[in-house]
Amino acid sequence: MKKITLILAIAILFFSACKSRQYSRNNKQIEKAANKENPNFTTYTTLTYIDAFKAVAIEEMNAYGIPASITLAQGILESGSGNSSLAKYANNHFGIKCTSDWKGKAYYKDDDQSNDCFRVYKDARESYKDHSEFLKRKRYSFLFELDKNDYKNWAQGLRTAGYATNPKYPEMLITVIEKYKLYLYDQPESESEKISREDRVFTEINANIPIEKKKFTPVDVAPKDPPTLTGAESYYTVKQGDTLFKIAQQYKLTVDELKALNKLNDNNIKIGQKLLIVK
């Protein structure tokens with residue numbers, strides 16, 4: 001019995017190590033691409049962060065009624081004013097995780113669990129827009145009945161709806177808003193504008209309700225990422241139409257890494273051949 005337990009423990013450690021290497025390899029590719037896209041990343045101050053993203057926060061406010069001050073304060077708190085690794089490499093300023101319908105890349109980072117799956121955006125603006133989509137669901141629906149410059153009740157309402165587990169989250173948001181006078185970016189709306197905006201937003205929220213579980217429940221691995229590997233799946237069997245490049249892309253490897261793993265001297269592979277795809 002002790003021998004079986006020991007074998008199971010060793011197997012679990014092996015699988016865990018394989019997964020960790022896979023996640024690390026994935027993140028390195030994401031980081032490399034981000035550094036290539038923005039080789040001269042400059043650390044934000046809170047003031048320069050506000051200046052960089054106030055326009056998109058106002059745009060989202062006018063579209064859906066979420067106070068720009070709330071969106072900016074959340075971005076400041078959740079991304080470290082745009083300087084967190086998630087913001088820097090994944091353009092993810094609100095910690096939004098992968099779901100089963102996510103079609104983009106992923107960045108893996110410890111959060112609620114080890115190596116939680118977070119969305120990677122093409123740019124930060126896309127992250128801000130997805131933040132609005134994230135809030136357009138039944139649990140947050142009552143917030144959209146508030147005036148779009150009512151940041152205090154929005155802050156309290158986010159906590160009530162379960163957006164954050166920290167009981168001081170509303171006070172944290174309000175403190176940031178008032179310290180940096182973010183309320184100056186909020187704008188009032190007329191009664192007719194409010195009714196029109198509510199009709200549009202609630203139509204979208206109601207359309208989301210039947211698919212909320214799929215749309216908002218986090219998954220362990222991004223759908224476009226390679227499958228989780230077990231010991232038996234450390235090898236890939238070549239199929240018709242496969243190339244080294246195609247297989248390498250699927251498992252987050254370079255062609256050279258794949259060739260080195262399998263001691264290949266050239267790019268020739270054949271159907272039925274087994275290739276090691278885990279370092």
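These numbers come from a predicted model, not from an experiment. Note that the numbering runs from 1 along the sequence shown for the chain.
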Enquirer: Return the minimal non-hydrogen interatomic distance between D186 and S69, and the atom names on each side.
Expert: OD2-OG, 2.6 Å
Enquirer: Applying a strict under-4.5 Å side-chain criterion to I, L, V, M, F, W and Y, I'd like to know whether F245 and L276 cluster together.
Expert: yes
Enquirer: If you measure from NZ on K246 to CD1 on I269, what distance do you get to the nearest 0.5 Å?
Expert: 10.0 Å
Enquirer: Looking only at side chains, do N27 and K109 share a donor and an acceptor under 3.5 Å apart?
Expert: no
Enquirer: Hey, does Y107 have a side-chain heavy atom less than 4.5 Å from the side chain of E31?
Expert: yes
Enquirer: Using side-chain heavy atoms (C-beta onward) and a distance below 4.5 Å, is L261 in contact with I277?
Expert: no
Enquirer: Are V219 and V221 linked, directly or through other ILVMFWY residues, by side chains that come within less than 4.5 angstrom of each other?
Expert: no
Enquirer: Test side chain to side chain donor-acceptor pair (under 3.5 Å) on S100 and K214; report intermediate values, then the result.
Expert: CA-CA 6 Å; S100 61; K214 177 181 179 182; 5.5 Å; no
Enquirer: Should W154 and L135 be marked as a side-chain contact (heavy atoms from CB on, under 4.5 Å) after you check the CA-CA gap, both sets of side-chain angles, and the distance that decides it?
Expert: CA-CA 12 Å; W154 258 91; L135 292 176; 4.2 Å; yes
Enquirer: Closest heavy-atom contact between L182 and I76?
Expert: CD1-CD1, 4.2 Å
Enquirer: Please give me the minimum heavy-atom distance between A52 and Y44, naming the atom from each residue.
Expert: CB-CE2, 4.0 Å
Enquirer: Could you tell me whether a side-chain N or O of T48 sits under 3.5 Å from a main-chain N or O of T45, the two making a donor and an acceptor?
Expert: yes
Enquirer: I'd like to know whether V255 forms a side-chain contact (heavy atoms from CB on, under 4.5 Å) with I247, so could you lay out the CA-CA distance, the side-chain angles of the two residues, the decisive distance to 0.1 Å, and finally the verdict.
Expert: CA-CA 8 Å; V255 172; I247 298 167; over 6 Å; no
Enquirer: C117 and A222: which non-hydrogen atoms are nearest, and at how many Å?
Expert: SG-N, 3.3 Å
Enquirer: Can you give me the closest heavy-atom contact between N262 and L258, atom names plus distance?
Expert: ND2-O, 2.9 Å
Enquirer: So, does T217 use its side chain to make a donor-acceptor pair with the main chain of K213 at under 3.5 Å?
Expert: yes
Enquirer: Is there a side-chain contact between D116 and Y108, using heavy atoms and a 4.5 Å cut-off?
Expert: no
Enquirer: When you measure from the side chain of N26 to the backbone of A106, do you find a donor-acceptor pair of N or O atoms at a distance under 3.5 Å?
Expert: yes
Enquirer: Is any side-chain heavy atom of L86 closer than 4.5 Å to a side-chain heavy atom of N91?
Expert: no
Enquirer: Between K239 and I271, is there a side-chain heavy-atom distance shorter than 4.5 Å?
Expert: no
Enquirer: Please report the interatomic distance CD1(I177) to CD1(I70), rounded to the nearest 0.5 Å.
Expert: 4.0 Å
Enquirer: T71 versus F53: any side-chain heavy-atom pair under 4.5 Å?
Expert: no
Enquirer: Between F94 and F134, does the ring centroid distance fall short of 6.0 Å?
Expert: no
Enquirer: Would you check, one step at a time, whether the test side chain to side chain donor-acceptor pair (under 3.5 Å) holds for D256 with T254?
Expert: CA-CA 5 Å; D256 286 341; T254 65; 5.4 Å; no
Enquirer: Enumerate, atom names and distances included, each donor-acceptor pair closer than 3.5 Å involving a side-chain atom of residues 164-172, sequence neighbours excluded.
Expert:
unit_1 : atom_1 : unit_2 : atom_2 : d
N166   : OD1    : K168   : N      : 2.8
Y169   : OH     : Q74    : NE2    : 3.1
Y169   : OH     : E78    : OE2    : 2.8

Enquirer: Which atom pair, heavy atoms only, marks the closest approach of A161 to F142?
Expert: CB-CE2, 4.0 Å
Enquirer: Only counting residues at least two apart or in another chain, list the ones meeting salt bridge (Lys or Arg N to Asp or Glu O under 4.0 Å) with D130.
Expert: R119
Enquirer: Under the salt bridge (Lys or Arg N to Asp or Glu O under 4.0 Å) definition, can you give me all pairs with a residue in residues 42-66, not counting sequence neighbours?
Expert: D51-K54, E59-R125, E59-K129, E60-K129
Enquirer: How many angstroms lie between atom OG of S85 and atom CD1 of I30, to the nearest 0.5 angstrom?
Expert: 12.5 Å
Enquirer: Can a donor-acceptor pair be found, under 3.5 Å and without considering hydrogens, that links the side chain of N83 to the backbone of T43?
Expert: no
Enquirer: Mind checking salt bridge (Lys or Arg N to Asp or Glu O under 4.0 Å) for R137 and listing every partner two or more places apart, or none if nothing turns up?
Expert: none
Enquirer: Please identify each residue that fulfils salt bridge (Lys or Arg N to Asp or Glu O under 4.0 Å) with D111, with sequence neighbours left out.
Expert: K97
Enquirer: Is the closest side-chain heavy-atom distance between L158 and L173 below 4.5 Å?
Expert: yes
Enquirer: Nearest 0.5 Å, what's the CG-CD distance between D242 and Q273?
Expert: 10.5 Å
Enquirer: Check the hydrophobic clustering (I, L, V, M, F, W, Y; side-chain heavy atoms under 4.5 Å; chains of links allowed) and say if Y163 and Y128 are grouped together.
Expert: yes
Enquirer: Any side-chain heavy-atom pair from K138 and F216 closer than 4.5 angstrom?
Expert: no
Enquirer: Could you tell me the separation between the CZ atom of F41 and the OH atom of Y89, rounded to the nearest 0.5 Å?
Expert: 8.5 Å
Enquirer: Assigning hydrophobic clusters by single linkage (Ile, Leu, Val, Met, Phe, Trp, Tyr; side-chain heavy-atom cutoff under 4.5 Å), is Y140 placed with I209?
Expert: no
Enquirer: Between CG of N38 and NZ of K88, what distance do you get to the nearest 0.5 Å?
Expert: 8.5 Å
Enquirer: Enumerate, atom names and distances included, each donor-acceptor pair closer than 3.5 Å involving a side-chain atom of residues 195-207, sequence neighbours excluded.
Expert:
unit_1 : atom_1 : unit_2 : atom_2 : d
R197   : NH1    : F144   : O      : 2.6
R197   : NH2    : L146   : O      : 3.2
R197   : NH2    : E189   : OE2    : 2.5
E198   : OE2    : K194   : NZ     : 2.6
R200   : NH1    : A63    : O      : 2.4
R200   : NH2    : A63    : O      : 3.1
T203   : OG1    : D199   : O      : 2.7
E204   : OE1    : K136   : NZ     : 2.2
N206   : ND2    : F202   : O      : 3.1

Enquirer: Side chains of S79 and S84: donor-acceptor distance under 3.5 Å anywhere?
Expert: no
Enquirer: Side chain of D266, backbone of N268: donor and acceptor closer than 3.5 Å?
Expert: yes
Enquirer: Between N92 and G95 (side chain of the first, backbone of the second, donor and acceptor by atom type, cut-off under 3.5 Å), is there such a pair?
Expert: yes
Enquirer: Establish, yes or no, whether a centroid distance under 6.0 Å links the rings of W102 and Y121.
Expert: yes
Enquirer: Is there a path from L47 to L72 through hydrophobic residues (I, L, V, M, F, W, Y) whose side chains come within less than 4.5 Å of each other?
Expert: yes
Enquirer: Look only at the side chain of S127 and the backbone of H93, and say whether a donor-acceptor pair between them is shorter than 3.5 Å.
Expert: yes
